[in-house]
There are 2 protein chains.
Amino acid sequence: MDSIDRKIIRELQKNGRITNQELATKVNLSPSPCLRRLKALEERGIIKGYSAVIDAKSYGLPLTALIRIKLDRHSEDAVRQFEDRVRRLDEVIECHVLTGATDYFMKVLVAGLEEYEEFVRKQIHPIGDINSIDSSFVYGTVKTTNVFPDI
Amino acid sequence: MDSIDRKIIRELQKNGRITNQELATKVNLSPSPCLRRLKALEERGIIKGYSAVIDAKSYGLPLTALIRIKLDRHSEDAVRQFEDRVRRLDEVIECHVLTGATDYFMKVLVAGLEEYEEFVRKQIHPIGDINSIDSSFVYGTVKTTNVFPDI
DNA sequence: CCAAAATTGATATATAATGCCAATAATATT
DNA sequence: AATATTATTGGCATTATATATCAATTTTGG
């Protein structure tokens, strides 16, 4: 992982479908070594994959909810139960365990407020052992990027 | 935007570098109409781009911070000032305006706790008009996906 | 039920990816 | 510091893929 690898990564974060030839030009290599570095990064799992960036509203999911959830109990069973159930929910785009008082943070994509309320009522509450749910909705987006800072 | 378009989108979210031929097979079309739908989705801005998914830790940014920020004043100037400055910060991967009491939510990627404290001290506080900053750190990740639910 | 429009599939051409080999550069060893 | 070893690079030939064009088919609206 040298500065050329990091540059390859940032270029691929900017444009995941750039051709190897263009990528090679951008990082000042010829196509062959550039491709070999790329394949090595994939092989090592540093590049975990590639994804299309989609406008959620156009797709039909205009509402993004950010949710903080605290559990009642923290027994191994309660935690595993919660995490297993959350992983299977297609509406959940991200879920992280946090430091501090709030146990979990999730990002959820839904069609609207009604759908969100149904999601919480039918998918989250039934998991059980939930102490509190604090929902916020995304009003507007100041910035989103997939490109990591240069280090 | 029909069910074929949505399927194309989900396949491209799973694998942004899938070849048009494979994509066509997966959505039960021949390559030509599949490519034309793809280009149309790009043209309409529904596919906003493509990006490599990178392991942040391997890249050298092992710490993800989730930050909630409230502003002191909400004058047009204070808001514009804050948002303009935030947009220029490379460490900020996402920043959203929220409903409810907390004004902004940001996801920030840094090399460690020291770097995070320096980021807050040198990049955020100097913006001014900030009422409160509430930081949480990602301990573990239960789920992350780029694939939207089937609707 | 017909006409117009949109969508589809096949084919030919252009572009890019991939594998292979020799040359170069970097690193380690004594 | 000189040499051996290893890693990395660049060019070329082959294979695979993307893209543009056109006729055929399907869908949609009156």
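Order of the sequence lines sets the chain letters (A, B, ...), proteins ahead of strands, with each chain counted from 1. Keep in mind that this is a model prediction, so the values were computed, not measured.
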- request: Please list, by residue number, the residues of residues 41-54 of chain B whose heavy atoms come closer than 4.0 Å to an atom of DNA chain C; answer none if no residue qualifies.
  value: none
- request: Not counting sequence neighbours, list each pair that qualifies as a side chain to side chain donor-acceptor pair (under 3.5 Å) and has a residue in residues 90-99 of chain B.
  value: A:Lys107-B:Glu94, A:Thr141-B:His96, B:Glu94-B:His96
Pair B:Arg37 + B:Asp5, salt bridge at N-O below 4.0 Å: yes
Report all interatomic pairs (protein N or O, nucleotide N or O of nucleotides 13-21 of chain C) with separations under 3.5 Å.
unit_1 : atom_1 : unit_2  : atom_2 : d
C:dA17 : OP1    : A:Asn20 : N      : 2.6
C:dA17 : OP2    : A:Asn20 : N      : 3.2
C:dA17 : OP2    : A:Gln21 : N      : 3.4

message: Rounded to whole Å, please give me the gap between CD1 in A:Ile8 and P in D:dT8.
response: 12 Å
- prompt: About how many Å separate NZ of B:Lys143 and CZ of A:Arg88, when rounded to the nearest 0.5 Å?
  reply: 10.5 Å
message: According to side chain to side chain donor-acceptor pair (under 3.5 Å), does anything in residues 49-58 of chain A pair up with another residue at least two apart or in another chain? List the pairs.
response: A:Glu42-A:Tyr50, A:Asp55-A:Ser58
Separation of B:Arg73 CZ from B:Asn131 CG (nearest 0.5 Å): 12.5 Å
task: Specify the separation, in whole Å, of atom CG of A:Leu29 and atom P of D:dG11.
output: 11 Å
- prompt: By ring pair (Phe, Tyr, Trp, His ring centres under 6.0 Å), which residues pair with B:Tyr59, not counting sequence neighbours?
  reply: A:Phe148
- prompt: Quick one: side-chain contact (heavy atoms from CB on, under 4.5 Å) partners of A:Ser132, sequence neighbours excluded?
  reply: A:Lys70
message: Just verifying a value: how many Å separate A:Asn146 CG and A:Asn15 CG, rounded to the nearest 0.5 Å?
response: 11.5 Å
- request: Measure from CG on B:Asp5 to P on C:dA6 and round the result to the nearest Å.
  value: 15 Å
